Amino acid sequence: MVETKLTQADFDAMREQYDKNPKNKILQRSVMKNGINKTAKDNQVVAKLNHTYSIEVDTGKVSNQKRSGRCWLFSLLNVLKHDFAKRYDVKDFELSQSYLFFWDKIERANIFYDRIIDTADKPFDDREVRWYLEGPGADGGEWAMAVSLVQKYGVAPTSAFPESNVTENTTDLKEVLNRKLRRDAKVLRDMVNANKSDSEIKEQRHAMLKEVYRIAGYACGVPRETFDFEYRDDKQNYHVDINITPKEFFDKYFEIDLDDYTVLGNYPNLKMDQLYLHPAGDNVVGGKHVDFLNVEMDVLKQAAVESLKDGETMWFANNVSEQSDRQGGILDDTLYRRGELFDIDLDMTKGQRLEYLDNIPNHAMTLTGVDIVDGKITKWKVENSWGEKVGEKGYFVMSDNWMDNNVFQLIVNKKYLTDAQRALLDKEPVVLKPWEAL
């Protein structure tokens, strides 16, 4: 084992080199006073990223996920509400994220119990077991997870299932569910390893699931079986649909077929033109699988441009923490020149950053526009779900270089793919291990 002990001589050499350059003291005062990002910020980048786009879908007010990790639900429902707005002339119509969030808590616990039972014969420190236990009560998710919920439970307007204090700030709920589900995992593993009967285990997990339902009910409210859909369109025409279920509501008012859409991924550390499957990421038993077709970025961008030209907005996954100005709503890969500030080399390729866990998707947003000048893409319009007090009334501007380096998945209709690309979707996928989640 390598053991490198630091000595006083090492410290003296570091201090000597630091004191040798007088600029270090100037930069020290600036960074200590203003912080790293404010000192390293390139305002020329800000100046060039205006909010004008050559291709733009007409959308309304942004939503606000507040202090929750439900961006994956917000982004899918943004796509649906944009489709609804075009068909029924209701621009600022809002769908309930809390409704799907409630059912996700139940479904996610249910599939967690199955996985714990299936792996009960593995040692406690097994990598797969540890991965399942890492965050069973988490509120993040993928496109396929959101689609599975919509296809099984339908959707509801916010008026029929409003936000609660807990859905707007999910930290406490995550803590409760993490503790409960981990304790349930211990009980189920002990029962399996004690050779309890299948019926006893089934009865126990059913009792556990009832407790999860109660927790979700207290936190979110319990969805009604039916609701009255009543609204005025933008021309002030009155509409009402009495006693409709969420599934009937989705089937009746949304012509979009979610099975027509696929996930394009861009992970340079993996083989291109290959379908990948991550079954450990699924949240609904029998629902849609988490998968993606790995393609070059130019393929992903072309599909995005064609979608926007046809007035279709898109869900996309990204690392919003990287090179972003949250308040200004700016995303550019040269926004903060930290390498120049500290006089160090911070360059890594997208693939290298993935391999070394430096860059992973942590947010989902909605693509609503693009600016193409002289045949070249310069920037993209992004609908976020952080409310109207950030960005341009909630909308962010994303430079094309930021998209190259920090966007990992984009949802597009299969019709925007070539025949050869669609054929890849029917090929045998490479199955990723649970801890290979991307």
Side-chain angles (χ1 to χ4, degrees), residues 53 55-57 59 71-80 82-83 140-147 256 258-270 272-278 281 288-320 322 324 331 333 350-351 354 359-372 377-385 395-418 421-422 424-425 437-438:
Y53 307 90
I55 301 171
E56 186 175 1
V57 180
T59 54
C71 57
W72 54 292
L73 293 173
F74 275 77
S75 185
L76 171 76
L77 293 181
N78 283 344
V79 172
L80 293 181
H82 297 158
D83 181 69
E142 304 262 7
W143 164 262
M145 297 167 64
V147 170
I256 186 170
L258 294 172
D259 286 330
D260 287 341
Y261 291 77
T262 192
V263 183
L264 296 182
N266 179 252
Y267 296 92
N269 57 321
L270 298 176
M272 293 294 167
D273 299 321
Q274 173 66 56
L275 184 66
Y276 289 87
L277 181 69
H278 186 235
K288 201 171 187 67
H289 293 304
V290 174
D291 64 4
F292 64 92
L293 177 63
N294 203 36
V295 297
E296 299 289 354
M297 184 55 81
D298 62 341
V299 174
L300 186 149
K301 289 182 183 179
Q302 183 60 35
V305 170
E306 294 303 316
S307 299
L308 291 169
K309 285 181 178 179
D310 287 345
E312 290 201 20
T313 59
M314 289 150 283
W315 185 107
F316 73 100
N318 59 90
N319 180 1
V320 77
E322 180 64 24
S324 68
L331 305 168
D333 222 39
K350 188 176 185 178
L354 282 163
N359 198 13
I360 56 174
N362 59 13
H363 191 48
M365 297 187 286
T366 311
L367 207 57
T368 64
V370 62
D371 193 32
I372 303 177
I377 298 172
T378 61
K379 59 182 182 292
W380 304 79
K381 183 179 181 182
V382 174
E383 180 180 0
N384 206 346
S385 53
Y395 286 89
F396 281 36
V397 55
M398 173 176 70
S399 70
D400 197 51
N401 65 43
W402 196 92
M403 185 177 199
D404 286 336
N405 293 311
N406 301 291
V407 169
F408 299 92
Q409 294 180 6
L410 178 80
I411 312 307
V412 298
N413 194 304
K414 297 172 187 176
K415 68 183 179 182
Y416 298 112
L417 304 180
T418 65
Q421 290 163 352
R422 281 191 291 270
L424 293 173
L425 299 174
L438 301 173

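Fair warning: this is a prediction, and the values are worked out from it, not measured in the lab.
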Keeping to residues at least two apart or across chains, list the salt bridge (charged side-chain N to carboxylate O under 4.0 Å, His left out) pairs with something in residues 395-410. Lys301-Asp400, Lys301-Asp404
Lys350 side-chain N/O to Val407 backbone N/O, donor-acceptor pair under 3.5 Å: yes
Say whether, by atom type as modelled, one donor and one acceptor occur between the side chain of Ser75 and the main chain of Trp315 under 3.5 angstrom. no
All heavy atoms of Leu293 vs all of Asp273, minimum pair found to be CD1-C, 4.3 Å
Is any side-chain heavy atom of Thr366 less than 4.5 Å from a side-chain heavy atom of Thr59? no
Is it the case that atom CD1 in Ile360 sees more than 12 heavy atoms from other parts of the structure closer than 6.0 Å? no
Distance check, rounded to the nearest 0.5 Å: Leu300 atom CG versus Leu410 atom CG? 4.5 Å
Do Glu383 and His82 have a side chain donor and acceptor closer than 3.5 Å? yes
Smallest separation among heavy atoms of Asn269 and Gly351, with atom names: CB-O, 3.8 Å
Output all residues satisfying side-chain contact (heavy atoms from CB on, under 4.5 Å) with Gln302, sequence neighbours left out; order by chain, then residue number. Glu306
Heavy-atom check, side chain of Asn318 versus side chain of Met365, under 4.5 Å: yes
With rounding to the nearest 0.5 angstrom, report the CD to CG distance, Glu296 to Leu264. 12.0 Å
Got a donor-acceptor contact below 3.5 angstrom from the Asp310 side chain to the Glu312 backbone? no
For the residue pair Leu367 and Val382, establish whether any side-chain heavy-atom pair is separated by less than 4.5 Å. yes
With Asn319 as reference, evaluate Asn359, Asn405, Asn406 under the side-chain hydrogen bond (donor to acceptor under 3.5 Å, both in side chains) test and give the passing residue. Asn359
Chi angles and distances behind the side chain to side chain contact (heavy atoms under 4.5 Å, CB included) call for Val370, Ile55: CA-CA 5 Å; Val370 62; Ile55 301 171; 3.7 Å; yes
Do Asp333 side-chain atoms and Asn401 backbone N/O form a donor-acceptor pair below 3.5 Å? no
What pair of heavy atoms forms the shortest contact from Ser385 to His363, and how long is it? OG-CE1, 4.3 Å
Evaluate side chain to side chain contact (heavy atoms under 4.5 Å, CB included) for Asn384 paired with Phe74, printing each intermediate quantity in order. CA-CA 9 Å; Asn384 206 346; Phe74 275 77; over 6 Å; no
OH on Tyr261 to NZ on Lys288, rounded to 0.5 Å: 12.0 Å
Leu424 to Leu275 - nearest heavy-atom pair and separation: O-CB, 4.0 Å
Tyr276 and Asn294: which non-hydrogen atoms are nearest, and at how many Å? CE1-CB, 3.8 Å
Do Glu142 and Gln409 have side chains that get closer than 4.5 Å, going by heavy atoms? yes
Evaluate the side-chain proximity of Trp380 to Met403: yes if any heavy-atom separation is below 4.5 Å, no if none is. yes
Tyr267 and Phe292: aromatic ring centres closer than 6.0 Å? yes
Going by heavy atoms in the side chains, are Leu308 and Met314 under 4.5 Å from each other? yes
Between the OG1 atom in Thr262 and the CG atom in Leu258, the distance rounded to the nearest 0.5 Å is 12.5 Å
What is the distance from atom CG of Asn78 to atom OG1 of Thr368, rounded to the nearest 0.5 Å? 9.5 Å
Could you check if a side-chain atom of Met398 sits within less than 4.5 angstrom of a side-chain atom of Ser324, using non-hydrogen atoms only? no
Roughly how far apart are Tyr416 OH and Gln421 CD, rounded to 0.5 Å? 14.0 Å
Side chain of Lys414, backbone of Asp259: donor and acceptor closer than 3.5 Å? yes
Give me the atom names and distance for the closest heavy-atom approach of Ala146 to Leu76. CB-CD2, 3.5 Å
Just by distance, do the side chain of Trp72 and the backbone of Ala317 share a donor-acceptor pair under 3.5 Å? no
